[in-house]
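Note sheet for the following structure.
Model, not experiment: these values are computed from the prediction. First listed ligand is number 1; within each ligand, the first listed atom is number 1.
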Amino acid sequence: MSKLTICGGGNAAHVLITLAAHAGWEVDVFAPLADEADRLEASLASRGGIIARRGNQTIVGGARCISADPAEVIPGSELVLLALPAFAHGPTLQAIADHFDSGVTIGALPARGGFDYQAYTVLKAKKISARIFGLQTLPWACRIINYGQEVEILGTKAEVDLAAYPSSKATALIEQLSPLLGLTLTPVESFLTLTLANTGQLIHPGIMYGLGCDKEDVIFARDEIPLFYQGVDQPTADLLQVMSDEVQAIAKELSVQLPSFEPQQVISLHNWLLRSYSADIADSSTLRRAFNTNRAYVGLQLPTRPAGSNTFVIDYKARYLSEDVPFGLVVLRGLAELVGVTTPTIDTVIIWAQKHLEQEYLINGELTGSNLVDTRAPQVYGIRQVSQLVEAS
Ligand code: NAD
């Protein structure tokens, strides 16, 4: 039996554990955060497996070994899957890299922006030869119901893009991963394509800005918290459209400066929604309606934190900004700077978000902020010219 290790103990890891075990893999889990490994182990020991619920369907699967010690779970892994927010990719790769077998494949679900730069840097420093891959998004909307026991799959995307390095390995990887994940995977040319095609970096900070700008002092009762996707109003939809157009402009200019780059693989936000959620969207006529009428997004609210007894304020440090700005929009902004395309709307969102995150990325229109080093902008990895993107992709 082939063995894989899942890194992480959150929503995505719960789904992956059940699907991989169900698909016949021997599953180990690396979960070093807090007491997650102990909690997962105790729960699985008493119940035998995690139940994933998708509508009326249930899938059950468990893990062989769960540990916070990489030496116990990484050796012998054919696949290592990072089911983590992007800010955990770096520390996790550093923790596990010394334990890789040669020929291992490491993948991030989802990759977010610039995963390849970070992964190469760690692997090169440790002289490890490995294949890497990334998915453009997490294939599922999913939430843990009971930790280590039950997870709900709210929606599954119809199709998800995959980039691999070396890119020649993409087809074989897709053959291996499609039955495991239970969905259609589409190869894209390179990680550069995936970084530009990361729609989470537009949707999450864009809606946070559109619905949350100037609402810092608003206190909501639980039933007044605005809906996130269903609450997209016309100005927010217009903002998202302009952000998407700015990405299209970067992709177009890249194809001029890098003739091997295929811009058509970077699809617009509206087209991405229609492709990913074809069966879930009731009215696809406009970008706004595609968000408002998507069954997979029903009921999801703006992230909040408690403000008092049963009252809440918007949480501007939530992952929709703390992950999707440094590992999304700032990476995109770095690419825009390399090709010389201006992105005024993306800049506005970055400048607004960095204030809330208490970070500095963009100063006077330049990526010179003191926290740029904590992002995955290409400039952080020494990429200063478009030609260097070819070597890196
Ligand atoms: P989650 O919050 O449920 O889990 C995060 C897990 O990451 C933690 O439980 C922990 O195991 C690990 N982790 C976090 N910080 C760490 C650190 N510093 N070191 C080591 N491990 C750490 O997140 P999730 O919902 O599973 O999401 C995973 C990724 O998928 C994120 O990038 C998220 O944006 C993306 N995503 C999730 C959904 C969804 O519906 N859950 C949908 C689309 C995209």
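Contact between L33 and ligand 1 is present, with at least one heavy atom of the residue lying under 4.0 Å from the ligand. The shortest separation from a heavy atom of A141 to ligand 1 is under 4.0 Å, placing the residue in contact. Between H14 and ligand 1 there is no heavy-atom distance shorter than 4.0 Å.
Partners of Y316 by ring-ring contact (aromatic ring centres under 6.0 Å, His included), not counting sequence neighbours, listed by chain and number: W352, H356. Listed by chain and number, the residues in a ring-ring contact (aromatic ring centres under 6.0 Å, His included) with Y361 amount to none (sequence neighbours excluded).
Ranking protein heavy atoms by distance to atom 11 (O) of ligand 1, first place goes to E36 OE1, 2.5 Å. Of all protein heavy atoms, the one lying nearest to atom 42 (C) of ligand 1 is W140 O, 3.6 Å.
By the 6.0 Å and 45° rule, R39 stacks over the aromatic ring of Y147.
Residue-level proximity to ligand 1 for P110 is carried by the side chain, the only part with a heavy atom below 4.0 angstrom.
When the options E323, R143, R319, E152 are ranked by their closest heavy atom to atom 32 (O) of ligand 1, first place goes to E323. One option in V15, L84, L109 has a heavy atom closer to atom 21 (N) of ligand 1 than any other, and that option is L84. Comparing C142, A88, A95, P85 against atom 7 (O) of ligand 1, the shortest heavy-atom distance belongs to P85.
Judged by distance alone, with hydrogens and angles left aside, the side-chain atoms of T342 form no donor-acceptor pair with the main-chain N or O of P344 at under 3.5 Å. Listed for the Q118 side chain is no donor-acceptor partner under 3.5 Å among the backbone atoms of Y381.
Aromatic ring orientation, F115 versus H89: perpendicular (interplanar angle above 60°, classes split at 30° and 60°).
A donor atom on one side chain and an acceptor atom on the other are not found under 3.5 Å apart for S67 and D69.
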